[in-house]
Structures are given as C-alpha cells and as structure tokens.
Amino acid sequence: MNLSRRDALWVGLGGLAAAALPGSVMAATNDELIAAFAAGGAEGTGTFTLTAPEIAENGNTVPVSFDAPGAVAVMLLATGNPEPAVATFTFGPAAGRQMAATRIRLAKTQDVVAVAKMADGSILKAQTTVKVTIGGCGG
Amino acid sequence: MISRREFLQASVAASAIVGLSGFGNWSKLAAQQALTQDQLLQFEDFGNVTLIHITDIHAHLKPIWFREPEWNVGIGPAKGVPPHVVGKDFIKMFNLTPQSPEAYALTFEDFVALGKTYGRMGGMDRVATVVKAIRAARPDALLLDGGDTWHGSMTSYLTKGQDMVNVMNALGTDAMTSHWEWTFGTERVKELVETQLKFPFLGANIFDAEWDEPAFEPYKIFEKNGTRIAVIGQAFPYMPIANPKWMFPEYSFGIREERMQAMVDEVRATGVDLVVCLSHNGFDVDRKMAGRVKGIDVILTGHTHDAIPEPVLVGETILIASGSHGKFVSRVDLDVRDGKMMGFRHKLIPIFSDVITPDADMAALIDAERAPYKADLETVVGTTDSLLYRRGNFQGTWDDLICQAVISERDTDIAMSPGVRWGASLMPGDNITREDIHSVCSMTYGQVYRTEMTGETIHTILEDVADNIFNADPYYQQGGDMVRIGGMAFACDVSKPIGQRITNMVHLKSGETLDAAKTYMVGGWGSVNEGTEGPMIWDVIESHLKKIGTVKLEPNTSVTVTGL
C-alpha cells in the first residue's frame, strides 16, 4: 500500500473519531437525559426537596436524598460526572411516600440535579451545588 | 485623648446604652485611668432572661495581646457590613472614639501604642469575675460556650483538654458546642464528655457517618425564672474537611439546615418560650441560616472570631458575636413573655486584664493546672523586635516567621502555614516563650511535612483555600483565612470564581514565575492527611529562634490583593 501524506491524515482522524465514538454514545448529555426522561412533559410549577451537603465530606460517597410528593418517577443526575446518570426511581400507586436516599460519587464540584415526573406528566426540577474540595484550614 | 468633660458625657451615655439595634450605642469608656471594673460591668438589668456568651477561647487561660484583623474581606452581600469592617471604618461605623479603650479592643489601629496604655486582655480568672458579677445580679443567667475551648495552648495540648474542662466546669458553664475539641480524637472527646464534663455537649448536626443518624444531644431545655429556654447546639459544619477526619471517622457534620429547622419546630412544639442557637457555624453562615430557618430568637455565633459591639438583626433573630481568646464576654438580657422575645439589651464586655480583678478561686485553679508545666511554659526561646500577630485574611507576621522557620529548618523552596484565626500577638520587645509559640501552632497534627509539589498543585491548593473564604455563598465558606505562603509571591483577585483568583505566582529565591509542570520542595504543617511525617511545628520554630535569637521582620509585600 502506498499512502500519501493526505491519506495518512485522514486515517489518523478516522481513528480519532472511532476512539471518541464509544464515549459519546454512552455518556448522553444532561440535556439529552432530561429530555428523554421528560418525554415531552411540560415544566410544572410546584417544588420538591433535594437534600445534599453543601461541601462533600468525602466525594466518593455523598449522601443525597429527595422528597417529591406526588411524583411517579425521579431521575438523579450528577451533572459533572463523566457519566451523569445516577439512578431513576419509580413510584407505584401503592407507594406511601415518594422519597429516597442514596449515596453517590462526585468526581468534582458540580450541580446535582433531580427531575421529578408528576402523575399528570409534568416535570419538576431541583438542583443543588455540592463542592468537592481538597480541604482547608479551620478557624 | 478624651477630656474629663467628654468622659462624663460618655458615662452618662453608657447608662443609656444597649438594647435596640443600629450603630453607635456601645458604651463609651474613657482612658484607662478612668476605666473601672464597675464601668465595664455596668448594665441596667432588663427583662427576665440573661444569657452570657463566650466562645473560641482556644484554651487561653492567661491574659494576652490580641491584634484584631486589618483584612476581613466580605464578598457579595457581606461586603462592607459587620463583621467585614475593620480599622477606621469600624471605629466610624460603631461611633467609637479613636484611641479609646474600645477602639483598642476592637480594631488593629495604633495597636502597639495603645497596648502600652490599655494592657493585655482576657484571662479566665477575669472572665470568672465578670460571670460571677452578672450572676450576682441575675442568678438564673445561662452561661453558654460556643466551642473551640479545649484546644490552642501548650497546657491544653499536654493535658488533652483536661485543663479547659476543669476551668469551664468551675466557671459553671451550662452548655457548649464544638469544633477543635474533635482534634483530640473520638475516644478522648467521648471520655471527657461522658466522665468529666458537668454540662451538655450539644450538636444537632453531629451525625453517625455510617447511618447518617443523629449521634449527639441536639438541644437542652432549661427552666429559668419560670421561663423555658431551648438551647440548640450547632457544631462546626466542616469538621471532616477542615480538620483530619481520620481522627473522628465515626461522625459526619454539615450545616444541615433542615435538621436545624426540625429541632426548632420540635422544641417550639413543646411550648418553649425562647429558642437559642449556640453555634459554631461562623458569622456569615449564621447570618444566612437566620434568614432561612424560622423560629430562632437568638444565635450566639462563633468560629470566625468576630467581636461586634451590637447585635446584628436578621428578621426577628438577633446574632451575637463575642470575639475570641477570652477577650470579650457578651451579656444579653431578654424580655420573654407569652412565648415571644419582646426586647433585648446587650453588652459586649471587653476583658481588660489590668482593670478587672481576677477571681481568686479561678486564679488558683489556673495556677494549679499550669504548675506541672510551669518551667516549660516560661522557657524563653528568643525575643522579638517586631510585632507578631496572625489575624487577617492574608499573611501576618507570626506566619512570616513560621514560614521562614520551615524554609530554613526543613530546607524547602516554599512554605505553607494554615490560615487559622487563633493565636495571640506579641509586642515588640517581648520575650518569646514556649507557651507563646504554642499559642500560634498547638495542635494534635502539627507535623511539618516536606514534599514535592508541582506548580499546578500549589495553584490548586491556593485556589481551593481561597474559595473557602471568598465564595459568594456563605454556605460554601469554611471560615479561616488564606493559607500563608513563604518563599513565593502571588496575586489574588477575590472577586473572581474558583480557578481564576490566584495569578502571578513567583518563586522568590529565583525570581521566576512558577512553572505548572515543574516540581518544588514545599514544607508546611497542619496537614489533614493521616500518616503525615515530620518534626512538630513548635520544635521547628524553637530551633529556628535559637539560631536567630531576635526576630526582626521586614514588611511582607508578597501578596497582591485585588477585586475589593
């Protein structure tokens, strides 16, 4: 085979594109994840509670909880992680309360987002910033 | 100086002080020859409840010099409002007389000259006199300690907090909350709380780390004079981040605003008349919390070491800031009726050690606590021609000296000294004793590390610490001040977001800009990492002082601050 310099460049770029492809397929963007979850539902007017520490004591295991009365499903996103999707919780009609608590790993300081789908298909959003720090010096 | 006539007018005003919000009501004191204990304690009893607040003593049993900050930058809505007001602006805002005792106690202006006139401040034997005098007038007064009590001196280090527990028990403390207490480790904290402490150790926000469930007594309800008073404790929220979490791995902290609201609701449901939060959040965090948690009447603030001569109002909540190191005691009288706080009268009492007579019992106890270590405490290691102080957002002469000691003794390019707010000052001409050195560096993790860091890592550390102080949202501030740097210059734009504040990092010895990829030898102390190795910082300082004899510091111009 006799590759010209131009062809070689093309091959190189093709290789790059292929290498990038798996990542772009697996890690959908936050907007894409929210759009897929919302399934066209309009944004509602209510609020719900998302609780997370302001500064993580340990970024590898950050306690996060939500309480979303009336929700049928709640999606949790760690928007700054390489893979933002954390979990989607679904609540059946027999569920006494629409709340859950879990622990998530945060790669860096970022917004944690919870999106709730209500029984009427409308969507509510809550978000909070969790700082992941290397530690400071107390007074 | 103040004339006799002005003094008389001032003392008339003094009887009408306090209560009310707004500036300019603080007691006007005269020059020291006219200063009396009665004047310092003068207070027209008010209402039916009295709170006495002291906080952040940092184990300073004896009177000290303490220079208030020259830098206390407020960001966003905190800009230019207490406690982010210093020096002449502070004097103007609170309508103080320049060069007066209160200007000396509350600001850094003319500190060395005024110190000669007004003397050292604090001393727990003087504090005991003040507490006893208040209790003589108000036997039902509650004495509440905001924490950072067991740590910060040579004797507290050597006795693992025992000396301070004995003193606070003898003082008749009714409740406390915590921060540096935890740096003695879980086992020691539990031992002291369970077997030694004669009052509750409150912390509504101290949770079990594994199950995230409440782990300590959140509040205590006191019945005083027919009034039911709930005191809710709030420990330092960022314990496992700002201090070594491996020393207390069983516990998790955090602001936990929803928990505070739940506790307020819980005590209100039992029909208490007054809700007091005994907090170690730091002033800006408390100010934000006061606007978001409903139903707290009084927040006794701590952690950020601010002394504010008048209460700060947020809605119907009053915030009291009582300084640090035993330099001040706050008295707050409240009129509580029908489950409501109807009014208050407040005085931030400065503890002028030459004016207030030491309480004999407490003085004897303090001497007994110190006796086993007396020779060590009083050993003179060197002298200083320069004023040595720490408080302020950037640098400070004590840390200039400490960084020089680290660079010299540990042979490093760059030194880092943590931006804590504790540690007494020393006046030019003072001897430097072992006790004085411990005052600015005593801790259970004082090993001086020596390690290679890239320019990028050093930048990341500076950015991270700066964001703990200058983040516009107080809930993301940990308190403390900027890490002190030796051997390196930098610029800090406090108005920028994280990652963009720190620029122009220059290695001073070579005059070269720091290379992100190059490694530098860095020495420092107070690492939160487990297993840090090295000699203790006080030994490093002592060794350095023995070589130089007398401290003579040049003005430090290595930090450029913009964005104010």
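Reminder, nothing fancy here: chain letters follow the sequence lines and each chain counts from 1.
The side-chain heavy atoms of A:Thr49 and B:Glu258, taken from C-beta on, include no pair separated by under 4.5 Å. Counting heavy atoms from C-beta on, the side chains of B:Tyr476 and A:Thr129 come closer than 4.5 Å. Annotation: side chain of A:Thr133 is in contact with side chain of B:Gln478 (closest heavy-atom distance under 4.5 Å).
Put simply, CG on B:Asp473 and NZ on A:Lys131 are 9.5 Å apart, with the number rounded to the nearest 0.5 Å.
Ranked by heavy-atom pairs under 4.5 Å with chain A, the first of B:Thr460, B:Ile469, B:Asp467 is B:Asp467.
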Problem set entry | Working for side chain to side chain contact (heavy atoms under 4.5 Å, CB included), residues B:Asp212 and A:Arg103 | CA-CA 11 Å; B:Asp212 208 29; A:Arg103 298 195 185 208; 3.9 Å; yes
For this session: Under the side chain to side chain contact (heavy atoms under 4.5 Å, CB included) rule, what do A:Thr51 and B:Glu257 come out as? Steps first, then yes or no, please.
Result: CA-CA 10 Å; A:Thr51 305; B:Glu257 197 181 82; over 6 Å; no
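Judged by distance alone, the side chains of A:Asn58 and B:Lys245 never bring a donor and an acceptor atom under 3.5 Å apart.
Closest heavy-atom contact between A:Glu57 and B:Ile241: CA-CG1, 3.9 Å.
In this structure, no portion of B:Thr304 lies under 4.5 Å from any heavy atom of chain A. No part of A:Ala101 comes within reach of chain B, as not one of its non-hydrogen atoms sits under 4.5 angstrom from that chain. With a 4.5 angstrom heavy-atom cutoff, A:Pro63 touches chain B only via side-chain atoms. Heavy-atom distances place the backbone of B:Tyr251, and not its side chain, under 4.5 Å from chain A. Contact of B:Tyr475 with chain A is made through backbone and side chain together, with heavy-atom distances under 4.5 Å. Within the 4.5 angstrom heavy-atom criterion, no atom of B:Ile498 approaches chain A.
Within a 6.0 Å sphere centred on CD of B:Gln500, other residues, nucleotides and ligands contribute more than 12 heavy atoms. Within a 6.0 Å sphere centred on CD of B:Glu213, other residues, nucleotides and ligands contribute more than 12 heavy atoms.
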